[in-house]
Amino acid sequence: MAVHPQLPNAITIARILCAPVFLWLLLADAGVGGGLRWAAAVLFIVAIATDGVDGYIARRYRIVSDLGKLLDPIADKALTGVAFVGLSILGELPWPITIVVLIREIGITVYRFIVVSDHVLAAAWMGKLKTVFQAIALSIALLPLAGLSDAPAWQAGVWWAGVVTMTIAVVLTIASGIDYVVTEVRAARRSRGAR
């Protein structure tokens, strides 16, 4: 089966374009947990899931491109970034968590653009794991699951699931940022030594 070589990049760009629509849906009902909140959560989950789809297509049909390597992590950061900001605007996530995440994500993204003429900084394994846990934690936070039952045990379970996954996501966000910096510094030293 022939696959257009730009299909993975088109999926990635669609994920970027979903970010403002998702944010509008999230903020439109002011966190009430109605239809728009569910729509926002579902859009986020579907959009973030396409991260695996475009990567699979690119690898399966050997159409991995430098543009795709550059855009893919940016698309993830755009979607997760607006989710963190939206939840903080609604008062459902402390701003310090969002600020720490944004500093890391924006810092790595800016660095990617700085070095793009020299090399493409592709996502490392820890960065990918970070994205998975961010997606899980944000999905739990976005879905108004606690309101599905009045049972205290259910509500406590949802709360703890959110706290644990968000904690892991934030730890991985910081750790993967440090890993990128250390890896790039070591590569720069090796490059200077080779000269």
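Computed over heavy atoms, backbone and side chain alike; hydrogens, waters and symmetry mates excluded. Numbering starts at 1 and runs along the sequence shown.
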Check your understanding: Between Leu138 and Ile48, is a side-chain contact (heavy atoms from CB on, under 4.5 Å) present by the stated rule, with each step listed?
Key -> CA-CA 10 Å; Leu138 289 168; Ile48 202 72; over 6 Å; no

If you measure from [atom1] on [X] to [atom2] on [Y], what distance do you get to the nearest 0.5 Å?
X	Y	atom1	atom2	result
Leu129	Ile168	CG	CD1	9.0 Å
Cys18	Leu43	SG	CG	4.5 Å
Leu7	Thr12	CG	OG1	9.0 Å
Thr183	Met126	OG1	CE	8.5 Å

Linking I/L/V/M/F/W/Y whenever any side-chain heavy atoms sit under 4.5 Å apart, do [X] and [Y] land together?
X	Y	value
Leu102	Ile178	yes
Val132	Val53	no
Ile106	Ile97	yes
Leu71	Leu17	yes
Val110	Val82	yes

Check your understanding: With a 4.5 Å limit on heavy-atom distance, are the side chains of Phe84 and Met166 in contact?
Key -> yes

**Study point:** Flag side-chain contact, heavy atom, 4.5 Å: Leu143 against Trp38
**Key:** yes

Answer yes or no: is there a donor N or O on one side and an acceptor on the other, between the side chain of [X] and the main chain of [Y], under 3.5 Å?
X	Y	value
Trp154	Leu145	yes
Arg37	Leu26	no
Ser139	Ile45	no
Thr165	Ile136	no

Shortest non-hydrogen contact from [X] toward [Y]:
X	Y	result
Leu36	Ala28	CD1-CB, 3.6 Å
Ala141	Leu87	CB-CD1, 3.7 Å
Gly177	Ile108	O-CD1, 4.3 Å
Gly86	Leu27	O-CD2, 3.9 Å
Ser88	Thr98	OG-OG1, 2.5 Å
Asp150	Gln155	CA-NE2, 3.9 Å

Review point. Which is it for Phe44 and Leu23 under the side-chain contact (heavy atoms from CB on, under 4.5 Å) test, yes or no, and what are the steps along the way?
Key: CA-CA 9 Å; Phe44 175 84; Leu23 183 61; over 6 Å; no

Point to revise | Verdict with reasoning, Ile89 to Trp95, per side-chain contact (heavy atoms from CB on, under 4.5 Å) | key: CA-CA 8 Å; Ile89 288 172; Trp95 274 106; 3.9 Å; yes

**Study point:** Residues Phe22, Leu142; criterion side-chain contact (heavy atoms from CB on, under 4.5 Å); working and verdict
**Key:** CA-CA 11 Å; Phe22 154 73; Leu142 289 166; 3.8 Å; yes

**Study point:** Contact list for residues 168-179, test side-chain hydrogen bond (donor to acceptor under 3.5 Å, both in side chains), sequence neighbours left out
**Key:** Arg104-Ser176, Gln134-Thr173

Review point. Got a sec, which pairs hit salt bridge (charged side-chain N to carboxylate O under 4.0 Å, His left out) with one end in residues 9-21, sequence neighbours left out?
Key: Arg15-Asp51, Arg15-Asp54, Arg15-Asp72, Arg15-Asp76

